[in-house]
Amino acid sequence: MQLPPSVVCLVVLARFASGISGQISRQHEPRVETTYGLPLTVNTIYEGPVPTWNENLAVRTNGQILVTRLDSPVLELIDPAVENAVPVTVATFSSDYAGLLGITETNEDVFYVVAAAPFGSDFVKTSGNSSIFQIDMTQFAFDSATSKITGNATITKVVDMPDAGFLNGMTTIDPTAGLVFIADAYNGWVYSLDVTSGEYKIAIDDAKMKYLPSSITNLGVNGLKIRDNYLYFSNSGNPIFCRIPINTLGEPTGPSEIVADIRQVDDFVFRSDGVAFMCQNQIESLSAVSGSEVVLVAGSNTSTLLAGVTAGAFGRSEANSNILYLTTDGGLAIPVNGSVIVGGKIAWIDTEQFSGIGT
Ligand SMILES: *[C@@H]1O[C@H](CO)[C@@H](O)[C@H](O)[C@H]1NC(C)=O
Ligand SMILES: *[C@@H]1O[C@H](CO)[C@@H](O)[C@H](O)[C@H]1NC(C)=O
Ligand SMILES: *[C@@H]1O[C@H](CO)[C@@H](O)[C@H](O)[C@H]1NC(C)=O
Ligand SMILES: *[C@@H]1O[C@H](CO)[C@@H](O)[C@H](O)[C@H]1NC(C)=O
């Protein structure tokens, strides 16, 4: 039976959600702090209907936000500077794809996204190919006042990746060389891709990128970010946040190491000062990692405030470099209190008052 991707996805989500009884070893509860100006205030820019799975985001240099959807293969744009902003559709992909995941920029306004092949409840592909597409926004024009697109983005397939399991986070290794990383969460390894030639290979295959057999999800390595010649990565199915040294070609130059113990992380993002903000999708929480310390900064596992928080990105102008934009799935992965699902949202948090732990 060929269900529309959105239906398949919901079935997957329901099954994923029902697997809540599994245990993760080494569980660590983040410290709940009332100092350091916590919790931080969550401001909603837009909340979609149920179901809306906002999966990932990228901030353009002009401040507009590109949002990937996982419940349908759609790329949206929202302008947080506009009052009561509503997302507009930048691109709708073929129904050969179930949804979109990671997004990264190389040269200004040239982005790459993961388009996922249909997948089952175990995140194993059921047909087709996952692919990487280029989204060229350089000719895109949008009139915020009328919400009309007056110049389209150019969408080009870069490559099919028939051997990929479940592709997830992306990050740019070298914008000039057009080299990017793509996490394969199901297989627990990371590809490097030359976006010009379409050549790709498994660049890093590390034990810390695998999910634990006891995990409630078959997803390991998820978010990817490069900082000071290290690739940092989250793991959704192993409660560790890790890093591995790399060279400019994205090849490992030494062993991986654990940075902090933190569970059920989807994607994450660094603030310019090095504090990492971790989106704990399955426990509806946003935590910060400062050094090896973990502190809950917003949301909670009984609140819909950040239900199913998936990914974050900071503002790019001087004025909003501490503004953290977030996407959520509304609890589609794990409903709040086991049953409550709300619309996925795009939100922002001013993180400035949280300067880190012990400072
Ligand atoms: C998957 O991609 C490969 C390589 O481009 C291609 O040969 C194959 O036909 C594709 N399969 C499907 C089902 O689209
Ligand atoms: C953008 O693409 C859509 C869909 O193909 C089309 O209807 C629209 O006319 C295009 N807009 C512009 C400004 O080219
Ligand atoms: C979840 O359960 C807790 C404890 O019963 C309750 O305080 C909270 O309001 C519930 N949250 C939602 C979103 O229903
Ligand atoms: C929320 O987290 C607390 C602390 O870990 C736990 O005791 C509780 O069972 C969790 N509640 C839900 C609804 O997951």
Side-chain angles (χ1 to χ4, degrees), residues 2 5 8 17 20 29 32 39 42 44 47 50-51 64 66 72-77 87-99 109 112 114-120 124-167 182 184 187 191 193-202 280-286 296 298-309 328-345 347:
Q2 183 61 56
V8 171
I20 202 161
E29 292 307 322
V32 181
V42 178
T44 298
E47 182 169 332
V50 176
Q64 295 172 347
L66 288 168
S72 59
V74 171
L75 180 72
E76 295 179 331
L77 177 137
V88 292
T89 300
V90 171
T92 303
F93 293 77
S94 138
S95 59
D96 294 343
Y97 299 103
D109 260 342
Y112 295 86
V114 170
F119 53 91
V124 176
K125 179 172 80 173
T126 50
S127 64
N129 286 322
S130 290
S131 309
I132 305 300
F133 283 85
Q134 182 191 69
I135 315 289
D136 184 340
M137 296 290 289
T138 55
Q139 303 303 313
F140 179 85
F142 174 63
D143 182 353
S144 290
T146 59
S147 251
K148 279 220 160 62
I149 293 172
T150 55
N152 281 323
T154 307
I155 317 295
T156 314
K157 189 193 278 184
V158 175
V159 68
D160 289 321
M161 298 180 66
D163 44 351
F166 191 75
L167 298 177
I182 310 155
D184 187 330
N187 285 315
Y191 292 104
L193 165 68
D194 178 329
V195 295
T196 310
S197 68
E199 277 174 42
Y200 67 91
K201 63 176 184 198
I202 296 170
Q280 294 168 287
N281 183 335
Q282 302 164 6
I283 53 171
E284 344 291 353
S285 301
L286 180 75
L296 179 69
S300 98
N301 69 344
T302 55
S303 161
T304 56
L305 196 58
L306 285 177
V309 59
T328 77
D329 67 29
L332 283 171
I334 301 282
V336 184
N337 287 356
S339 63
V340 181
I341 295 174
V342 295
K345 55 167 94 159

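Whatever order the structure lists ligands and atoms in, that order sets their numbers, starting from 1.
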**Q** Report all N/O contacts between ligand 2 and the protein shorter than 3.5 Å as a table of atom names and distances to 0.1 Å; if there are none, say 'none'.
**A**
unit_1: ligand 2; atom_1: 2 (O); unit_2: N152; atom_2: ND2; d: 2.3
unit_1: ligand 2; atom_1: 11 (N); unit_2: N152; atom_2: ND2; d: 3.0
unit_1: ligand 2; atom_1: 14 (O); unit_2: N152; atom_2: ND2; d: 3.4

**Q** As an exercise, identify every atom of ligand 3 less than 4.0 angstrom from a heavy atom of N337.
**A**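 Result: 1 (C), 2 (O), 3 (C), 8 (C), 10 (C), 11 (N), 12 (C), 14 (O).
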**Q** What residue among T302, N301, I334 forms side-chain contact (heavy atoms from CB on, under 4.5 Å) with I283?
**A** N301
**Q** With sequence neighbours left out, what residues match T154 under side chain to side chain donor-acceptor pair (under 3.5 Å)?
**A** none
**Q** Once side chain to side chain contact (heavy atoms under 4.5 Å, CB included) is applied, do any residues pair with T150, and if so which ones, sequence neighbours excluded?
**A**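 Residues passing side chain to side chain contact (heavy atoms under 4.5 Å, CB included) with T150: A141.
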**Q** What are the atoms of ligand 1, with element, lying closer than 4.0 Å to any heavy atom of D160?
**A** 2 (O), 5 (O)
**Q** Quick one: does T302 get an N or O within less than 3.5 Å of an N or O on ligand 3?
**A**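 Yes; at least one N/O pair falls below 3.5 Å.
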**Q** Return the set of residues passing side chain to side chain donor-acceptor pair (under 3.5 Å) with E47 (not counting sequence neighbours), or none when no residue passes.
**A**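 Testing E47 for side chain to side chain donor-acceptor pair (under 3.5 Å), a comparison that skips the adjacent residues, returns none.
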**Q** Within the side chain of K125, is there an N or O that forms a donor-acceptor pair under 3.5 Å with the backbone of G128?
**A** yes
**Q** Going by the order shown, which atoms of ligand 1 are within less than 4.0 Å of some heavy atom of G128?
**A**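 So the atoms of ligand 1 that pass are 13 (C).
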**Q** If every non-hydrogen atom of V50 is compared with every non-hydrogen atom of G343, which pair is closest and at what distance?
**A** CG2-N, 3.5 Å
**Q** Check I132, L193, I135 against Y112 for a side-chain contact (heavy atoms from CB on, under 4.5 Å) and give me the one that passes.
**A**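 Of the listed options, the one satisfying the test is I132.
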**Q** Going by the order shown, which atoms of ligand 3 are within less than 4.0 Å of some heavy atom of T304?
**A**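 Numbered from 1, ligand 3 contributes 13 (C).
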**Q** Give a yes or no on whether the backbone of L306 and the side-chain of T328 come within a donor-acceptor separation of less than 3.5 Å.
**A**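 Flag not set: sc T328 to bb L306 has no pair under 3.5 Å.
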